[in-house]
Amino acid sequence: MLKIYNSLTRAKQDFVPITPGSVRMYVCGMTVYDHCHLGHARVLVVFDLVQRWLRASGLRVTYVRNITDIDDKIIKRALENKESIGDLTNRFIAFMNDDAAALGVEKPDHEPRATEYVPQMLELIGRLEKNGLAYQVPDGDVNFSVRKFPGYGKLSGKALDDLRAGERVDVDGTKEDPLDFVLWKHAREGEPSWPSPWGDGRPGWHIECSAMSSVLLGEHFDIHGGGQDLQFPHHENEIAQSEGAHQCRFVNYWMHNGFVRVDDEKMSKSLGNFCTIKEILRKYDPEVLRFFILRAHYRSPLNYSDTHLDDARQALSRLYTALRTANTDPPSIDWDEPHALRFRDAMDDDFNTPEACAVLFDLAAELNRSKSATLAGQLRGLAGLLGLLGRDPQVFLQAAPSEGGELTAEQIESLISERAAAKAQKDYTAADRIRADLLSAGVVLEDGASGTRWRRA
RNA sequence: GGCGCGAUAGCAAAGCGGUUAUGCACCGGAUUGCAAAUCCGUGUAGGUGGGUUCGACUCCCGCUCGCGCCUCCA
C-alpha cells in the first residue's frame, strides 16, 4: 500500500485515490523568464518519479504541470531585453523542455499556460465575489479577503494573527487586511492586459493554478505538488481560492519537495546562489544529475557541490559496470523476486528513493557475482522505474562531458592498439606509459581476457 | 516574535526499539605482467543532558547548534 506524506496533515497517510484506479495530480511548474536552476531540476525529477511510480503501481494518471507565462518578473525581463513577452516566454519554455528531456523527465499529460486560461480565472473571481470572498478597491485591483475564509492557514500551519505582514515588505494600504492577496491587477501603462468585468487588467499570481487545475482535473483532485517554498503563500492561497469558489474540498494530498542548497543555504534566485541545469550538464552527464537528485529523499534538503556530483557519478558507474558484465536480458521485472519486493516497499513508503537505490546496488553486487542475465534484466527493469540505467553501459561509461574529454574515442582506440602491440612485445614500459598518459587525460583502461576496455574516469 | 524541520561513521544518505543499510573514499587479501574492474574481508556512526525500557541511533523531555517559512522564489 502506497503511503504519502501529506503536508496538510503533517503525516504519512495511505494513498486512496478519489476515483479507484486513477489519480489526478497537479504540480506547480516554472515561471518562464530565465533558465531553470537546480531547484527546478529537483521538482521536475521528483514529480516525474512520483508520476512514474503511480503508473507502475497500476494507476491511471493524469499529470498536469503548469507554466506561468505572465507575471511581474516576466514583464520586467521582457522590458529589459526589449523583446515581447511571448518571445521571452517561448524561448525559455523551449529551454525548459530541453533541460527536462535531458534529465529523463517524461512529458506531463497537460502543460497549461496561464495566459490561455484567463477567461476561466475571471469566472473564478466572479464566483469568489459572489461568495463574498473578493472585493474591489478603488484603484481597480480585486483582492481576496483572507479573514472571510475560515480555513486560511491550514496548509502552512499559520495562524492569521501570528503572521507579520508588513514586517519585511510594505503593506498595501488599500487592502482590508494586510494579508489579503490580489486576484486581479488593474491595467498599468505598458503592461499586457485583458478585459474583465472589473476593468482591464491581468491575473494575480495564485489564481492561475486554481483555474487551470479545476478545468483540467476538476474541483477536487488527488495530489498537488511543488517546492516547499510554495507552501506559503501560494498553495495556501490556492486552497482559499478554490475552496472558496467551489465550496468543496480542493486537494487530498499535498506534497512538497525540499530545497536544493549551496553551502547549507537555500539555492534561490533572490539569493543569487543558483546554478542552472545547463551549467551543470556541461560538466556532468544528465543521468548523473538525475541520480544525484534521486539518491536523497525528496523531502530532505539536498546540498549541491561538485564533490557530491563526482560521488554520484562514481556510484552510477558501478551500476553500469555491473550491467556491462552481463549483457543482458531486456528489462523485465519479476515482482516476486526479493530485490523487487524490497524496492516496492521502499517506493511505497513515501517514495523512498535512497532505499530503492540501495536495492539497486545490492542487486548489482549479486549480478557481479552471478553474471545472471535474468538479474541484469531485473536491475534494468527496477532502475527503469526511476528513469535510470536506460542506456548501453559502454555509452554511459565512455560519454564525454562537453567540458573535458579532450581525447576522442578514435584517438583513444588508436592508443589502445599501440599499447596492445607493445604488450605483445612484452614492452611493459611502453604499455604502461600509454596507460598512464591516457589516465592523465581522464581515461581508464581495463585489460580483460577479451582485450582492453576503456572508460572515462 | 510566531510556526516548522533537521543533527547518523572521512564524505553522502536510509531503515530500524535488540540481528550487515547503501554509495564514494580508505585499508588488507584474491585476481592481474603491473594496473583497472570484480570478488572476499575490515568501520565499536548516531549533537548534548536526562527519562521510559530487560534493552534506544530508533520513543519522551530539556539544552545546544543548523536550516526553512512568515516577501517574489521549485
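A, B, ... follow the sequence lines: proteins, then strands. Residue 1 opens every chain. These numbers come from a predicted model, not from an experiment.
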Test of ring centre spacing under 6.0 Å for A/Tyr253 and A/Phe15:
yes
RNA chain B: A/Lys73 or A/Glu366, which has the more 5' nearest nucleotide?
A/Glu366
Run the ring-centre check on A/His235 versus A/His206 and record whether the distance is less than 6.0 Å.
no
Please work out if A/Leu230 contacts a base, only the sugar-phosphate, or nothing of the nucleic acid, heavy-atom cut-off 4.0 Å.
sugar-phosphate
Which one, B/G33, B/A74, B/A13, comes nearest to the side chain of A/Asp447?
B/G33
How would you label the contact of A/Glu265 with the nucleic acid (heavy atoms, under 4.0 Å): base, sugar-phosphate, or nothing?
sugar-phosphate
Using the C1' atom as the point on both nucleotides, what is the distance between B/G17 and B/C5, in whole Å?
24 Å
Check whether any side-chain N or O of A/Asn352 sits under 4.0 Å from OP1 or OP2 of B/A14, and answer yes or no.
no
What about A/Phe149 and A/Tyr152, are their ring centers closer than 6.0 Å?
no
Can you measure A/Leu367 atom CG to B/U22 atom C1' for me and round it to whole angstrom units?
17 Å
Regarding A/Lys158, tell me which of base, sugar-phosphate or nothing describes its non-hydrogen contacts under 4.0 Å with the strands shown.
base
pair_partner(B/A7), Watson-Crick or wobble, both distances < 3.5 Å, evaluates to B/U64
For the residue pair A/Lys158 and A/Phe232, would you count it as a cation-pi contact if the rule is NZ or CZ under 6.0 angstrom from the ring centre and within 45 degrees of the ring axis?
yes
So what does A/Val359 hit on the nucleic acid, given a heavy-atom distance under 4.0 Å: a base, only sugar-phosphate, or nothing?
nothing
Less than 6.0 angstrom from the centroid, inside 45 degrees of the normal: does A/Arg42 satisfy that with respect to the ring of A/Tyr298?
no
Check every strand shown and say whether A/His37 touches a base, only sugar-phosphate, or nothing at a heavy-atom separation below 4.0 Å.
base
What integer distance in Å separates A/Lys423:NZ from B/C34:P?
11 Å
Counting side-chain heavy atoms from C-beta on, which of B/C39, B/U38, B/A74 comes nearest to A/Thr321?
B/U38
For A/Arg419, which contact category applies under a 4.0 Å heavy-atom criterion: base, sugar-phosphate, or nothing?
base
base_contact_polar (B/C11 base, A/Thr307 side chain, donor-acceptor, <3.5 Å)
no
Let's test this: given Watson-Crick or G-U wobble pairing with both distances under 3.5 Å, identify the partner of B/U53.
none
Rounded to the nearest Å, what distance is computed from the CH2 atom of residue A/Trp454 to the C1' atom of nucleotide B/A35?
18 Å
Looking only at B/A37, B/G23, B/G2, the nucleotide nearest the A/Asp162 side chain is B/G2
If you count the non-hydrogen atoms of other residues, nucleotides and ligands that lie under 6.0 Å from CG in A/Asp263, is the total more than 12?
no
In Å, rounded to the nearest 0.5 Å, how long is the span from CD1 of A/Ile239 to OG of A/Ser210?
9.5 Å
For A/Trp184, does the six-membered ring have the charged nitrogen or CZ of A/Arg202 within the cation-pi criterion, i.e. under 6.0 angstrom from the centroid and within 45° of the normal?
no
Return the pairing partner of B/U42 with a 3.5 Å limit on both distances, Watson-Crick or G-U wobble; otherwise return none.
none
With sugar-phosphate meaning primed atoms plus P, OP1 and OP2, does A/Arg261 contact a base, only sugar-phosphate, or nothing at under 4.0 Å between heavy atoms?
sugar-phosphate
Partner nucleotide of B/C69 by Watson-Crick or wobble geometry (both distances under 3.5 Å)
B/G2
Determine the contact category for A/Tyr428: base if any of its heavy atoms lies under 4.0 Å from a base atom, sugar-phosphate if only primed atoms, P, OP1 or OP2 are that close, otherwise nothing.
base
Tell me the interatomic distance from A/Leu8, atom CG, to B/G4, atom C1', rounded to whole angstroms.
15 Å
From B/C69, B/C72, B/C24, nucleotide with atom closest to A/Phe259 side chain:
B/C69
Could you tell me how far B/G55 sits from B/A21 if I compare only their P atoms? Round to whole Å.
23 Å
From B/A36, B/G23, B/C72, pick the nucleotide closest to the side chain of A/Ser270?
B/C72
Taking OH from A/Tyr304 and C1' from B/A74, how many angstroms apart are they, rounded to a whole number?
17 Å
Measure CG/A/Asp311 against P/B/U22 and give the value in whole Å, please.
15 Å
Out of B/U38, B/A74, B/C24, minimum distance to the side chain of A/Asn368 belongs to B/U38
Are A/Lys73 and A/Tyr33 in a cation-pi setup, meaning NZ or CZ lies under 6.0 angstrom from the ring centre and within 45 degrees of the ring axis?
no
Between B/G49 and B/A12, how far apart are the C1' atoms? Round to whole Å, please.
29 Å
Whole-Å P distance, B/A35 and B/U19
39 Å
If we call it a pair only when both distances are under 3.5 Å in a Watson-Crick or G-U wobble match, what pairs with B/A14?
none
Polar side-chain contact A/Arg435-B/C34 base: donor and acceptor under 3.5 Å:
yes
Taking the same atom, C1', in B/U31 and in B/U44, what whole-Å distance lies between them?
31 Å
Ignoring backbone atoms, establish whether A/Ser300 has a side-chain N or O less than 4.0 Å from OP1 or OP2 of B/C67.
no
When the P atoms of B/C57 and B/A7 are considered, how many whole Å apart are they?
15 Å
Counting distance alone, no hydrogens or angles: does the base of B/G66 have a donor or acceptor under 3.5 Å from a partner atom on the side chain of A/Asp264?
no
Base, sugar-phosphate, or nothing for A/Glu355, non-hydrogen atoms under 4.0 angstrom?
base
C1' atoms of B/G1 and B/A14, separation to the nearest Å:
36 Å
Quick one: which of A/Asp447, A/Asp427, A/Asp432 gives a side chain to side chain donor-acceptor pair (under 3.5 Å) with A/Arg419?
A/Asp447
Atom CG of A/Asp350 and atom C1' of B/A14 are separated, to the nearest Å, by 13 Å
Pick the P atom in B/U42 and in B/U20, then give their distance to the nearest Å.
11 Å
Please state how far atom CG in A/Leu445 lies from atom C1' in B/G33, giving the value in whole angstrom units.
15 Å
Distance test, side-chain N/O of A/Arg453 to OP1/OP2 of B/A36, below 4.0 Å
no
Within the 4.0 Å heavy-atom criterion, would you say A/Arg299 contacts the bases, only the backbone, or no part of the nucleic acid?
nothing
A/Ala315 near the nucleic acid: base, sugar-phosphate alone, or nothing, with a heavy-atom cut-off under 4.0 Å?
sugar-phosphate
Any strand: nucleotide that pairs with B/U20 via Watson-Crick or wobble, under 3.5 Å:
none
Pick base, sugar-phosphate or nothing for A/Gly258, based on heavy-atom distances below 4.0 Å to the nucleic acid.
base
Classify A/Arg369 by what it touches in the nucleic acid, base, sugar-phosphate, or nothing, heavy-atom distance under 4.0 Å.
sugar-phosphate
Base, sugar-phosphate or nothing for A/Gly39? Non-hydrogen atoms, less than 4.0 Å.
base
Which nucleotide, B/C11, B/C70, B/A74, lies nearest any side-chain atom of A/His308?
B/C11
Residue-phosphate contact under 4.0 Å: A/Lys371 side-chain N/O, B/U38 OP1/OP2
no
Please tell me which of A/Leu38 and A/Gln228 maps to the more 5' nucleotide of RNA chain B, matching each residue to the nucleotide holding its nearest heavy atom.
A/Gln228
